[in-house]
Amino acid sequence: MPLRIFNSLTRRKETFTAAGGEVKFFVCGPTVYDYIHLGHARTYIAFDIIARYLRFAGYRVRFLMNITDVADRVIHRAQELGRNPLQLAHEFEAAFKEDMLALGVKDIDKYERASDYVPQIIGQINGLIAKGIAYETETGVYFEVGRFPSFGRLSGLTQQELGLKRLELCSSKKHPEDFSLWRKSDRGLCWDSPWGLGRPGWHVEDTAISMTHFGDTYDLHGGASELIFPHHEAEIAQAEALTGKAPFVRFWIHTGLLSTKGRKMSKSLGNVIRVRDILKQYTPSELRYYFASYHYRQPVTMSDAAMRRARDQLNRFSRNLETLLHATGSSGSAKAETLVRAVKRAEWEFSRHMNDDFDTPRALATLTRLVSRLSASMNDGANLDQALRWKLAESVRRMAAVFGILT
Ligand SMILES: [Zn+2]
């Protein structure tokens, strides 16, 4: 069964192929003005599992993530603390990378900072102005949404709904739905530009970074579902208006929200749990096991009871694997070829589930059942020589490594 992925752009599962077996994969990184929380962990672990599976399935993956170090939130936080914004951002970036490594997210090939791409950003804005799609006012440069007819395609919002969104209230814009490409300002963070001192808008930072590395079109773009509008809608508009090529990205994939006690995790509700705090309570493997037991598009609810269940399940899984590795049976009824067949069958099922829009809950269940069965046969005294037991265990480990649940 070929790999099929639910494409947010078409709202259905489509067969995924990548030219030359290489997948250009971009995921929106964090705005680095604070430590990352569990909601970030949920999203980044989901995309890490997807990247690991693509590699498991034989693709070469070029995994790129931006770091939003130029943003209002960075500037405000720096003002509050009386700090230099970029220095502060880069401290939180370092903390973010530490947290990612602690979570076992080690497969990102490149992190790129928005602040390193100002010339490319200015180049893209110039291109959009030259095409008559962007315009300058006394406050900045704006993308004229009305000039890009397919705006709203990704989010599925109608023209009327888009009008009601009224992004970035500002009296100098031609239309309320137009969004900012460049903001004129001589405070906080600013660079020289053809429009005077200022800083880029968020959306154009990401198209400048991704197109520098991946060109006009690429394979996969991921992010949390709350980024669909306006962020990803704007990315598509900028890129496709600029290059005249569509689609900018072939597959858009989005993760469901994470909530605690039925509420979305947010600063205003005061229920934010930092990654570095949760890792004092649970291991990275336990967290990853828990997240893998949800489909990436599903919302995840965190609770201590659910986390303790995940811990128990993972402990049982590890014990079962140990049993397989260290068994010394000699009289059991299970035959070697039956168990070899069970492993082959589980490998096939594992891939079938993962090929179905990365169905990690089913793939994880397949793997868990396999390990219990192998362990039960060993306890039953199955007579397998060490080389064979290790070979079967190796197969289990390879699949478990897609989830990153064994240390
Ligand atoms: Zn982004």
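Whatever order the structure lists ligands and atoms in, that order sets their numbers, starting from 1.
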- Message: Are F16 and F251 an aromatic pair, judged by ring center distance below 6.0 Å?
- Response: yes
- Are D216 and K245 close enough for a salt bridge, meaning some N to O gap below 4.0 Å? yes
- Item | Salt-bridge contact R398-E394 (side-chain N to carboxylate O under 4.0 Å) | no
- So, C28 and the Zn ion (ligand 1): N/O/S under 2.8 Å, yes or no? yes
- In H231, the N/O/S atom nearest the Zn ion (ligand 1) carries the name NE2
- Does any N, O or S atom in E205 come within less than 2.8 Å of the Zn ion (ligand 1)? no
- Ring centres of Y59 and F25 under 6.0 Å apart? no
- Minimum-distance atom from the Zn ion (ligand 1) among N, O or S atoms of D206: OD2
